[in-house]
Every structure is written in structure tokens, then in C-alpha cells.
Visitor: 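Before I ask anything, let me first share the structure, which is written out below as C-alpha cells.
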Amino acid sequence: MAGALASHANAVLRGSAPLNPPMAALVPVAWVHRAPSLDPDQRRAALTSVYLWGTIPGDVAQPGVLGVSPCFEAIMSNKVSTKPPSGTRDFLPLDIARRQYVIDVIREVYERHGFVPLETPAIENLSTLLGKYGDEGDQLLYRLLHRRDALKRAVQTAATDGRPVAEAELADQGLRYDLTVPLARVMAQYGQLPRFFRRYQIQPVWRADRPARGRFREFYQCDVDVAGTTSPVAEVEVCSAVAAVLERLGFADFTIRLNHRELLRALIRAADITDSLESKALVAVDKLDKIGRDGVTAELVDRGIAETSAARLIELITPGDPGDASPDSQTVLAHLRKCGLDESGQRALAGLEELLSLAAETPAGSHLSVAPELARGLSYYTGPIFEIAVPDLAGSLGGGGRYDGLIGMFGRRQIPAVGFSLGLERILVVMQERDMYPELGVGAEVMLCWLDVDMGRALGVAARLRGQGLRVETFPDQAKLGKQLQYADTTGASIAAILGQSELDAGRITLKHLAKRTQESVAIDEAAEAVARMR
RNA sequence: GUGGGCGUAGCUCAGUCGGUAGAGCACCAGGUUGUGGCCCUGGUGGUCGUGGGUUCAAAUCCCAUCGCUCACCCCA
């Protein structure tokens, strides 16, 4: 529409098309003024018709006055982008079919593990969200600007004080950043939940991050968490659940990398790195698989860590042989035992050993692998941490860990918890690349093509077919049969049900298999069986 | 936030001494009235991302701006 109008508008302004209302009415006022080909009378006519056009808002210029409503200009100039905002996506029917397939598997496996569903609002109070994800995370929170009076008040208060408005004054709500913090809020809020609360939650989260491959600003997480216990049973069960999901989806080559926050801290202490540099050291160490030992050493030094400490830390987190890229867990554990860790480090190490042995007979067992360099960005983890890796994806398919302090941050009671989060989009990206989807049908199976019958009778037959459990689309127009069949093909319907007067008179319908090009006439009330037979 | 690449039809792209836009696919209509995916003919659809500059003349040259994208950063 806008294109045609703009094209006509151009022709008008060039003088090669007549200036007729109402088309001319859609020529923006500014264009009319600029148009060299218009004489004063034409100009006045154009502006008058702009004025008379019914949908023009009040702020459009009066005749003879230069100015254009912003929305008006936007329509005319095709400036309205129809793409979804950067980092977000529309899910078209086939996309939904794939997502739903994966979500169905996740839900079923989670429920089989005894997890119960939870949904929480997209919007949370900033007081709930801030301070849980570290400084980087806080930066990535989407904030909701105050509305109306609250916004005016904030701006005015600052103006009265003669200072610029601070970010914190402009918003007190934001979009959730993950599903773990909302769960923690729910745990703190509701006392009547089961003592061991196992919940799953599949919902979108939002991060004001720079989008990249497999990385979005709006994406789905599929979380399982166990709250209310420090028992390693909780760790094993969440790992088992995600491992079972991935196996059911057809992944065979994933590893669940396993580490422990306290072990990491102990290693950093053992390398003589001060607490203030701990987080910087973690970020560098986490890149081991990407940039290698030398790369990490360089980065550690770059971040202000003494060369001797950097070298020592590398030694601690990488067992003996530098050529061995992925040593097995027992080798790693044996190496760590010899590192002279302090008491807390020893405890963490023992915890990891216990986890490995407890998980042995679960789906997670064969996939767990100790990775002393694994750090993970979120600051709320306190114990074991996990991350899922597959060979052909730079990022991870999911991650999680124990967060015994998070729920207590809401100031009610301390409740220990552990959780695991699968990243839906990452899974979809890999499944797409590896062509792991089964046949997924979208839309109707039967296209009702009708010819010389009354439209109402056609709709009636469609209803009867649907009553038999068939998925039926009715062709909307009177059209040649060939057109109808051609359209049926494009929708993915496998069978055309052809209804003409002769069929209707006999209470029958002609079913045509579009791919096999075979057809048969059946009683309308027996169509479902016939369709099943033809499939 | 830092650096590189790209913005022409719904999609994939051509258009490279500046001369007011093309192809393929897709879509629509025909090739006579209830049987399609091939073929043939015709058609719809583009302020060449946006704004400014140079020029008689800009998709093409210059500047700015926006958008997309890759790497870094960080993460699911």
C-alpha cells in the first residue's frame, strides 16, 4: 500500500500524474511544498485535500502550512520497519512446530522426574532483579520506563535539584533476566510450598545484550530446580533430567562439564591471587578451551595478575599433559588431590567425587566430566556448577548450579537450592544444523475444494469432516479446480476433498491424494477411514 | 562498548568509465466451462536503507545517519 502510494505521489510531484483526491491526499504536505512541478493552484488543491482526508490526525499542517505528522510521513516513506526488533524473532508456523516438539519432550521428561510447573510474570520489580547477576548482568537488564505522573515526577525532582536524572529514578521494574531469580522470589513469598520444591519453568527471558549467532535478546529457558535441600540427590536429579531430555532429542555427544565454586576459590587462593582479582581470574580461566593455556596466561597477566600466580593457576586447573585436551574425570580429580588445597577446597573436591559416583546409574552418569576451569558468569552460585557442551557449538546448550544463598537474599529464610537451565534456542540451532527433527506436519491434512455447490453446503461438509477428526481447510473462493489443487499443494495438505453437485447429491465426496495422484469416491461420513487408508 | 563487511522487487541477487532500474524464484491472470506440480504468454510489485552534498544528470562519487552482519566482550 505505502509503496503504491509513494510511487503515485512521486508521479504527482514530477507532474506525470494527475493530482486527484483522495490519492493526492496522501502526499505529505512537505512534499507538496517542495514539488517544483506544481503551480500555486495545484499546491492549494493538494493541501486542501490533505486537510480533508479523514484519517489525518489533528497535528497535520493546515492548508498552506508546512509540516507533516510523523506517523503520516512514516507511512509514506516506507520507514516503518516490519522486521522484529534486533535480537528478537517471529515464530512462523514451522518454527512453532519445531519449538513445540522440543518443548513437549522437555516437559514430559521433566514431569517424569517429578517436577511441577511454574510460571511467573515477564515483569519483575527491579529490587528483585538487581544485585543477583553481578555488575555485567545488572547492565543487561531491560528496564521499564516510569509511565505518566511517575515519569514527570522523576524528571521534575531532578530538574528542581538542578542535576541530570539518574537511571535509577526512571524505572523500578524490569523484564526478567532468567528464571532462577523469579523462582527464588516465589520460594521466599509462599510458605505453603512443599518442603522439597521441584519445579520446572519454560518461559522467555530478556537480556539487553548484543545479538549474535544463537544469541538473542528474547529467548526461552527451560529450567528445573530443586529447592529445600543440600542433598546431592538434588544435583543428580537435575543433571539426570537434562541429560534425559538431550538423549530423547537425539543428542549423543554432549558432555555435562562439572565444577565447584568453592574449588575454584581454593585454586585461586592456592595460586596466591587476592580475593579482589578473583572474578577477573575466573573470566580468564573460563576461556581455557577457547584460547588455550598460553592465551589464558596472557589474559590473566593482562588483567593484573602476577605472572607467577598466573602460571601456577594454569598448572592447577590443567592436569599434567598439555596435549591432552579432555582428560577423563578421574585423571583430573587425581591431579587436583595433589594440589595441596585448603580445607574448603578439599570439601568441594570430595563433593564432586560424590556427585560423580551418585550419578553413575542415571542418564547423566556417562556425560559428566570434571572441568576445573569452568567458571560461569552468574554470581549467585555457591556450590557445584554445570554447563552442557557439544562439539560444534561455541556456547553452551545450558548450565546451572547450586545457589544456597539466593533465596535468603529476599530476607525471609535461607533455603538451599540447585537448578539447571536448558537454552531452547541453542538446542534448536544445533538440531537444525544436524537435521535432527522428525517429520512435522503443519496445517490441515485435507483441503476441501468445492465447485458448483452452495458455499454454505461446502462449509457444512467441512464441519462433517472435522466431526470425524480430520484437520480440514476450506478453500475460500469460487475457483477452477486446478487452482484449488495447486493451492492445496502449497499448504502441505496431503489430500484434496473435491465436492461438486454430483457428489453432494449422492452424499459422497471425492478424495484425491495429491502426491500419489490417486482418487476415490467415498461416502462423506466415511471420509476419515478413507483418508487413513490413503495415507 | 571496540573494530571489519553489507544494505537494489516478497526471496536470492545482477547492475563496476555517473545517463531517471533488471534477472531467476515467488505471486496474479490467461493457454475456453470439474483435476494441479512441466511448458508458453502477459501482469502486479522498487522515493535502489534514510538524509544531505558534488553534477545538466547519482543505485553508481563524497559525507552523515540508521539497520543488518562477523569478530572481541559477555552469555543460554
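What you see is a predicted model; the values in this text were computed from it and never measured.
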Visitor: Listing request: all ring pair (Phe, Tyr, Trp, His ring centres under 6.0 Å) pairs with a residue in residues 495-517 of chain A, at least two apart in sequence or in separate chains.
Guide: none

Visitor: Name the pairing partner of B/U33, where a pair is Watson-Crick or G-U wobble with both distances under 3.5 Å, or state none.
Guide: none

Visitor: Could A/R217 and A/D209 be called an ion pair, given the rule that one side-chain N must be under 4.0 Å from one carboxylate O?
Guide: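 Salt bridge flag = no for A/D209 with A/R217.
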
Visitor: Taking B/C28 as the reference, what is the distance to B/A64 when you measure between their P atoms (whole Å, please)?
Guide: 45 Å

Visitor: Rounding to the closest angstrom, what is the interatomic distance between B/G3 and B/A76 at atom P?
Guide: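 Rounded to whole Å, the distance is 27 Å.
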
Visitor: Would you kindly give the NZ-to-P distance between A/K480 and B/A29, to the nearest whole Å?
Guide: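 Going from A/K480 (NZ) to B/A29 (P), I get 9 Å.
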
Visitor: Kindly give the heavy-atom pair with the smallest separation between A/D477 and A/F475, and that separation in Å.
Guide: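 Closest heavy-atom pair between A/D477 and A/F475: O-CD2, 3.1 Å.
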
Visitor: Does B/U2 pair with anything, Watson-Crick or G-U wobble, both distances under 3.5 Å, and if so, with which nucleotide?
Guide: B/A71

Visitor: Give me the distance, rounded to whole Å, that separates B/C6 from B/G30 when you measure between the P atoms they each carry.
Guide: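 My reading of the P atoms in B/C6 and B/G30 gives 45 Å.
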
Visitor: Using the C1' atom as the point on both nucleotides, what is the distance between B/G46 and B/G15, in whole Å?
Guide: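 Pairwise C1' distance, B/G15 against B/G46, rounds to 14 Å.
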
Visitor: With a non-hydrogen cut-off below 4.0 angstrom, is A/F216 in contact with a base, only sugar-phosphate, or nothing?
Guide: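 Base contact.
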
Visitor: What is the pairing partner of B/A23, taking Watson-Crick or G-U wobble pairs with both distances under 3.5 Å in any strand?
Guide: B/U12

Visitor: Within the structure, does a side-chain N or O atom of A/K483 lie under 4.0 Å from either OP1 or OP2 of B/G37?
Guide: no

Visitor: Using a cut-off of 4.0 Å on non-hydrogen atoms, how would the nucleic acid contact of A/S396 be classed: base, sugar-phosphate, or nothing?
Guide: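 Sugar-phosphate contact only.
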
Visitor: Output all residues satisfying ring pair (Phe, Tyr, Trp, His ring centres under 6.0 Å) with A/F219, sequence neighbours left out; order by chain, then residue number.
Guide: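 Listed in chain order: nothing, the list is empty.
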
Visitor: Looking across every strand, which nucleic acid part, if any, lies under 4.0 Å from A/L514 by heavy atom: base, sugar-phosphate, or nothing?
Guide: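 Base, at least one base heavy atom under 4.0 Å.
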
Visitor: Using the C1' atom as the point on both nucleotides, what is the distance between B/C61 and B/U16, in whole Å?
Guide: 12 Å

Visitor: Is a side-chain donor-acceptor pair under 3.5 Å present for A/E520 with A/T510?
Guide: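 No pair is found: no donor N or O on one side chain lies under 3.5 Å from an acceptor on the other.
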
Visitor: Parallel, tilted or perpendicular: which one describes the rings of A/F254 and A/H367, with boundaries at 30° and 60°?
Guide: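 Ring orientation, 0 to 90° scale: parallel.
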
Visitor: Using purine N1 to pyrimidine N3 plus N6-O4 or O6-N4 for Watson-Crick, or N1-O2 and O6-N3 for G-U wobble, each under 3.5 Å, what pairs with B/U65?
Guide: B/G49

Visitor: Write down the protein N/O and nucleotide N/O pairs, taken from nucleotides 64-67 of chain B, whose separation is under 3.5 Å; answer none if there are no such pairs.
Guide:
none

Visitor: C1' atom, B/U55 versus B/U20: distance in rounded Å?
Guide: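 These two C1' atoms come out 14 Å apart once rounded.
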
Visitor: Roughly how many Å apart are B/C17 and B/A58, using the C1' atom of each and rounding to a whole number?
Guide: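 Straight-line distance between the two C1' atoms is 14 Å.
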
Visitor: What does A/G500 touch in the nucleic acid at a heavy-atom separation under 4.0 angstrom: a base, only the sugar-phosphate, or nothing?
Guide: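 Base contact.
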
Visitor: List the atom of A/R99, the atom of A/L424, and the distance in Å for their closest heavy-atom pair.
Guide: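 Heavy atoms of A/R99 and A/L424 come nearest at NH2-CD2, 3.5 Å.
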
Visitor: For A/Q519, report the nucleic acid contact type (base, sugar-phosphate, nothing); a contact means any heavy atom under 4.0 Å.
Guide: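 The answer is base, as A/Q519 lies within the cut-off (heavy atoms under 4.0 Å) of a base atom.
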
Visitor: Is a donor from one side chain sitting under 3.5 angstrom from an acceptor on the other, for A/Q432 and A/Y437?
Guide: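 No donor-acceptor contact under 3.5 Å links the two side chains.
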
Visitor: Pairing check on B/A76: which nucleotide meets the Watson-Crick or G-U wobble criteria with it, both distances under 3.5 Å?
Guide: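 Because no pair has both required distances under 3.5 Å, B/A76 counts as unpaired.
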
Visitor: Could you tell me how far B/U44 sits from B/A23 if I compare only their P atoms? Round to whole Å.
Guide: 12 Å

